[in-house]
Amino acid sequence: MDSQSLMSIGLIVVMFAAMYFLLIRPQKKKEKETQAMRDALRVGDEVITIGGIHGKIVKTKDESLVLAVGADKVKMEFEKWAISQVSEKSASDDFEEEAPKAPKRLKKKESTEE
């Protein structure tokens with residue numbers, strides 16, 4: 001082999017190495033972070049799906065989870081891969097439903113009696 005062919009082989013090797021460090025490695029790192037985020041999902045976390053639906057996790061299963069969505073707390077089941085980001089982590093590991101709030105007029109009556 002002459003020096004010309006060694007130089008062209010070396011250039012090809014350098015280009016593959018550059019593509020690995022610029023394209024493949026960052027993509028794998030991002031996929032690993034996303035998988036870790038999805039594995040860490042807990043009941044009570046507020047999440048956003050890939051379709052833009054905002055909801056709170058009320059139940060988790062092996063490969064899916066149930067979200068409470070909207071003011072009526074409509075429950076919808078999604079696959080874990082459909083979660084794009086966590087907007088708010090739950091404060092505790094145990095999820096407790098919020099107690100229903102009393103109407104404002106009842107609160108006013110209670111506060112005026114004191």
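For this chain, numbers begin at 1 and follow the sequence in order. If you're wondering where the values come from, they're calculated on a predicted model, not measured in any experiment.
Here D45 contributes atom CG and Q85 contributes atom CD; the two are 12.5 Å apart, rounded to the nearest 0.5 Å. To the nearest 0.5 angstrom, K56 atom NZ is 10.0 Å from S87 atom OG. Here L67 contributes atom CG and I53 contributes atom CD1; the two are 8.0 Å apart, rounded to the nearest 0.5 Å. Of the inter-residue distances, the one linking E31 atom CD with K28 atom NZ reads 8.5 Å to the nearest 0.5 angstrom. Note that the NZ atom of K61 and the CD atom of E77 stand 3.5 Å from one another [nearest 0.5 Å]. Rounding to the nearest 0.5 Å places CD1 of I57 at 9.5 Å from CZ of R42.
Clustering ILVMFWY residues whenever any of their side-chain heavy atoms sit less than 4.5 angstrom apart, transitively, puts V14 in a cluster other than the one holding F16. Cluster annotation: V47 is connected to V74 through the hydrophobic network of ILVMFWY side chains, with a link wherever side-chain heavy atoms come within less than 4.5 Å. M76 and I48 sit in two unconnected hydrophobic clusters of ILVMFWY residues. Membership requires side-chain heavy atoms under 4.5 Å apart, directly or through other members.
Enclosure of atom CG in D62 is not indicated, since only 12 or fewer non-hydrogen atoms of other residues, nucleotides or ligands lie within 6.0 angstrom. A 6.0 Å sphere centred on CG of D39 holds more than 12 heavy atoms belonging to other residues, nucleotides or ligands. In the displayed structure, K89 atom NZ is contacted under 6.0 Å by more than 12 heavy atoms of other residues, nucleotides or ligands. Residue-environment remark: CD (Q4) stays at or below the threshold of 12 foreign heavy atoms within 6.0 Å. The 12-atom threshold is not exceeded at CD of E63, counting heavy atoms of other residues, nucleotides or ligands nearer than 6.0 Å.
Across every non-hydrogen atom of H54 and V69, the tightest pair is O-CG1, 3.7 Å. Of all heavy-atom pairs between S8 and S5, the closest is OG-O, 2.8 Å.
Side-chain atoms of L65 and K80, non-hydrogen and from C-beta on, do get closer than 4.5 Å to each other. Here the side chains of M15 and M19 are not in contact, with every heavy-atom distance at 4.5 Å or above.
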